[in-house]
Amino acid sequence: MSDNKLQDQLYAMRHSSAHILATAVQRLWPQAKFGVGPVVENGFYYDIDLGADKISEEDFGRIEAEMQAVIKDNVPFERTEKPIDEAISWATDAKQPYKVELLNDLRRAGTTIAKDLNADELGTIASGDSQVENVSFYRNGDFTDLCRGPHVETTGRVGAFKLQRVGGVYWRGKDTNPQMQRVYGVAFTTPKELRQYLDMLVEARKRDHRKLGQELDLFIISDLVGPGLPLFTPRGTVLRNELIKYSEELQRSVGYEAVWAPHMTRTDLYKKSGHYDKYPERFDVSSVESDDTFMLKPMNCPHVAQIFASRPRSYRDMPQRYMETTTMYRDEKSGELHGLSRVRALTQDDSHAFVRPDQIEAEMRGILAIVKQMYKTLDMALSVDLSFRDDSDNYFGDLELWQSAQATLEKVAQEEALDFKIELGEAAFYGPKIDIYVADALGRRWQCATVQLDFVQPERFELEYTDENGDKQRPAMVHKAILGSIERFLSVYIEHTAGKFPVWVAPEQIRIVTLNQEDDTVTFAEQVLQQAKAIGLRATIDNAAESVGKKIRAAELFKIPYTIVLGQKEMDSGEVTPRIRKDLAVSDDAKTLGLEAFLQTVLAESRSRTLESTL
RNA sequence: GCCACCUUAGCUCAGUGGUAGAGCAAUGGUUUUGUAAACCAUCGGCCGUCGGUUCAAUCCCGACAGGUGGCUCCA
């Protein structure tokens, strides 16, 4: 079978699994009202409303048992067609109000996709001529469903599946609609593939950054401080600082200079920039003394725009490139907070360049170069979305400017040989973006870096420079972040590396374990520690009255790159045999080398940001 | 914010309508160790918070807080 055919086959299996789920639910809860039951990545779901009753994960056992019974019956999926009006009366008789609503949308608009429909008309009774003549139904045994298909031939042919979870959803995603329950299942062609997928989930759970954050002592979230406000321990702060240091180094290499803005501002700044009404998640701060109102900064661009505006600028001074790694505050809804990936205090390696129109392309290229460099060093693959505007009126600024900006972005992306696709409707209100996604070790895709073009804020803040003819010109603004939110990036990076950080970011690079507690051993080990620290390595000593095995194990659990054991042998020879963390080691053979040479090698690795041990 | 579920020692987790236990960690001692867990002892908990039911609540009920999984949202 070709790949396409296999894909179609899997799609039909998953879709049929959704119907079998609904069949089982209907047998167990005859009052069930059904919404939609589509195929999704790795499986399927069905939206179900049981009225006062609720499905919980404890019910999965008996639902799955009932599904197995349906499969065992091995009845065919039979396709039939009904004229639309007949279908509506069928759904009404069957007491399936959600299906009635879908059918009415089909009748009126020929589609059931909520975002393609006029929101006011959604689900209203359709009158007049119908957009469709017939609609198709699929029946398997005692269950019939409005459905476009396709399905497998019989219920016995659905492959391997497992119910995963249940969550609450609003009917058609609208929070004024009734809330239903969405039961998710995963489904694959064979039990083996299902097993592999479930194993991958187990692996992902082991790498969960919240779990590793606890185990490796990287960060905490304190109830007293508040949800979404993570605190970083000394170890976690090393990670942050090393990544930030590298990001700033890269930015400096393409001409960015550090600036600084306070974390609080008059709200007037955001009223003028146009963000105030567009940004409901801001933190307002009541005034201390005056009648002014203040807010915590939810972003940086309006602030640094004031630095640009603070003195007259010549075309010769352009571009002005400002960078600032700083924390901003966004009042995200409580249900959306998640470990480090979604927080209320986020730190961005942000920058803004104020450029002449003829400098836009070069600026974008410089930025893309350092973004590529960053993720190459981090060993993460990039993919790119060009986030462009759609026809809606959600955007500020001149349409022609937008079009030329979008053309520029596309040209640069092409010339930089980026693997990109265009996403309409994903632009910021002030301009189009290049959104850069990285793939982690488990193949999951995350947005981190972003480059954005902005003609709106320069307009709003009346930014200008003087050109060679003495005329005032308006600059464009290029926003960029390489790591994006450091907190979110760390969540991705911790999971990507499973906490096994390369030497240059490892919170602790060398653990020195003493063989015993005799005075000369401890003194020697302390001298080595001082030597390592003196050249800038992050090292600690473990001279506890424990067995060597136990101290080695402690170092392993903390995923420390290098562990050295010091005893009489090392004192006599001046040589060490470092234990290298397995993922870093290029061979299994232990290598013995002079103490000084060892420290210098680790230092060189740390400086060159290598991924593997050079020992 | 909405829906479902969860919250017991620093961590991971048992457990019962009659106010609690293990392992690890920590601390003290014995051992002086050669590359993933030596031994003994001790400390540690208002069983998330506040109310209710009950003679009695960590356990049952409710509210709140925090978390988990979804929905929605992410300029």
Side-chain angles (χ1 to χ4, degrees), chain A residues 45 47 49 54-59 164-184 205 208 210-211 214-215 217 220-228 270 273-282 298-299 301-302 328 330-339 341-344 346 387 394-396 426-431 433 447 450 452 454 456-457 479 484-485 488 511 513-519 521-522 543-558 563-570 576-582 590:
Chain A
Y45 67 77
D47 286 350
D49 180 357
K54 293 279 181 276
I55 295 175
S56 95
E57 289 184 19
E58 284 172 19
D59 298 318
Q164 279 297 95
R165 56 179 62 98
V166 55
V169 295
Y170 297 109
W171 169 237
R172 309 192 105 173
K174 246 180 96 176
D175 62 8
T176 48
N177 278 343
Q179 191 144 21
M180 310 181 74
Q181 288 189 288
R182 178 167 297 174
V183 178
Y184 286 89
R205 242 191 303 278
D208 190 311
R210 293 163 301 183
K211 183 172 144 71
Q214 162 66 30
E215 288 173 5
D217 190 21
I220 58 160
I221 296 172
S222 148
D223 288 4
L224 262 181
V225 175
Y270 281 85
S273 73
H275 289 101
Y276 196 78
D277 294 327
K278 286 238 170 203
Y279 185 68
E281 281 88 35
R282 60 180 187 268
M299 66 193 69
C301 19
M328 37 212 151
R330 300 178 181 183
D331 192 10
E332 305 289 358
K333 292 188 211 160
S334 59
E336 283 153 7
L337 301 172
H338 179 91
S341 11
R342 194 73 178 271
V343 292
R344 285 176 168 150
L346 57 128
S387 298
N394 297 329
Y395 307 98
F396 288 12
E426 293 296 315
F429 75 85
Y430 50 71
K433 308 187 282 179
Q447 196 217 310
T450 179
Q452 312 183 355
D454 181 357
V456 171
Q457 291 193 68
H479 310 240
S485 149
R488 181 179 291 186
R511 168 85 46 112
V513 167
T514 58
L515 181 66
N516 55 42
Q517 298 199 289
E518 282 159 19
D519 286 349
T521 311
V522 172
N543 58 9
E546 298 285 354
S547 67
V548 171
K550 185 164 181 174
K551 289 189 270 192
I552 292 284
R553 178 176 151 82
E556 284 283 341
L557 291 176
F558 263 74
T563 306
I564 54 174
V565 177
L566 299 183
Q568 194 59 47
K569 206 171 78 186
E570 287 74 18
V576 289
T577 308
R579 185 185 169 95
I580 306 171
R581 202 179 63 210
K582 283 194 189 68

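Every side-chain hydrogen bond (donor to acceptor under 3.5 Å, both in side chains) that A/Glu556 has, sequence neighbours left out, goes to A/Arg579. For A/Gln517, the side-chain hydrogen bond (donor to acceptor under 3.5 Å, both in side chains) criterion is met by no residue, not counting sequence neighbours. For A/Asn516, the side-chain hydrogen bond (donor to acceptor under 3.5 Å, both in side chains) test picks out A/Thr521, with sequence neighbours left out. By the ring-ring contact (aromatic ring centres under 6.0 Å, His included) test, A/Tyr276 is found to be paired with no residue, residues two or more places apart in sequence or in another chain being considered. For A/Lys550, the side-chain contact (heavy atoms from CB on, under 4.5 Å) criterion is met by A/Glu546, A/Ser547, not counting sequence neighbours. Under the side-chain hydrogen bond (donor to acceptor under 3.5 Å, both in side chains) criterion, A/Arg342 pairs with A/Glu332, not counting sequence neighbours. In this view, A/Asn543 and A/Thr514, A/Val522, A/Glu526 satisfy the side-chain contact (heavy atoms from CB on, under 4.5 Å) rule, not counting sequence neighbours.
Nearest-nucleotide positions on RNA chain B place A/Gly549 closer to the 5' end than the other of A/Gly549 and A/Glu281. Nearer the 5' end of RNA chain B, as judged by each residue's closest nucleotide, is the contact made by A/Lys550, out of A/Lys550 and A/Lys569.
Taking 3.5 Å as the limit, the base of B/U35 and the side chain of A/Glu556 contain no donor-acceptor pair of atoms between them. For A/Arg342 against B/C73, a side-chain-to-base donor-acceptor contact under 3.5 Å is present. Between the side chain of A/Glu570 and the base of B/G34, at least one donor-acceptor pair of N or O atoms lies under 3.5 Å.
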Hey, what are the protein-to-nucleotides 28-30 of chain B N/O distances that come in under 3.5 Å?
none

Close N/O contacts between protein and nucleotides 10-12 of chain B (under 3.5 Å):
none

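Which of B/C71, B/C74, B/U33 sits closest to the side chain of A/Val548 comes down to B/U33. Nearest nucleotide to the side chain of A/Gln179, out of B/G1, B/C71, B/C3: B/C3. Residue A/Val169 has its side chain nearest to B/G70 when only B/C74, B/U32, B/G70 are considered. Picking from B/C2, B/U72, B/A36 the nucleotide with the shortest atom distance to the side chain of A/Arg553 gives B/A36.
Going from the P atom of B/C46 to that of B/C11 covers 13 Å, rounded to whole Å. Rounded to whole Å, the separation between the C1' atoms of B/U30 and B/A36 comes to 24 Å. Atom P of B/G51 sits at a distance of 29 Å from the matching atom of B/G15, rounded to the whole Å. Rounded to the nearest Å, the gap between the C1' atom of B/A20 and that of B/G29 is 29 Å. Look at the C1' atom in both B/A9 and B/A25: the space between them is 11 Å, to the nearest Å. Nucleotides B/C47 and B/C6 are separated by 14 Å at their C1' atoms, to the nearest Å. Annotation: B/G44 and B/U27 have their C1' atoms spaced 10 Å apart (nearest Å). Comparing the same atom, P, in B/C61 and in B/U16 gives a spacing of 16 Å after rounding to whole Å.
A salt bridge does not link A/Arg282 to A/Asp331: none of the charged side-chain nitrogens sits closer than 4.0 Å to a carboxylate oxygen.
Dashed line: the shortest gap from a side-chain N or O of A/Tyr184 to OP1 or OP2 of B/C71 is under 4.0 Å. One finds a side-chain N or O of A/Ser547 lying less than 4.0 angstrom from the OP1 or OP2 phosphate oxygen of B/A38.
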Working for ring pair (Phe, Tyr, Trp, His ring centres under 6.0 Å), residues A/Tyr395 and A/Phe429
CA-CA 4 Å; A/Tyr395 307 98; A/Phe429 75 85; 8.8 Å; no
Can you check each nucleotide of nucleotides 62-69 of chain B against protein heavy atoms at under 4.0 Å and return B for base, S for sugar-phosphate only, - for none, in 5' to 3' order?
----SSSB
Per-nucleotide protein contact string for nucleotides 40-50 of chain B, where B marks a base within reach and S marks sugar-phosphate only (heavy atoms under 4.0 Å, - for neither):
-----------
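In secondary-structure terms, RNA chain B builds stems of at least 3 consecutive Watson-Crick or G-U pairs, each pair having both distances under 3.5 Å, at B:1-7 with B:65-71, B:10-13 with B:21-24, B:26-30 with B:38-42, B:48-52 with B:60-64.
Ring centers of A/Phe396 and A/Tyr430: at least 6.0 Å apart, outside the cut-off.
A distance of 6.5 Å separates OG of A/Ser273 from CE of A/Met299, quoted to the nearest 0.5 Å.
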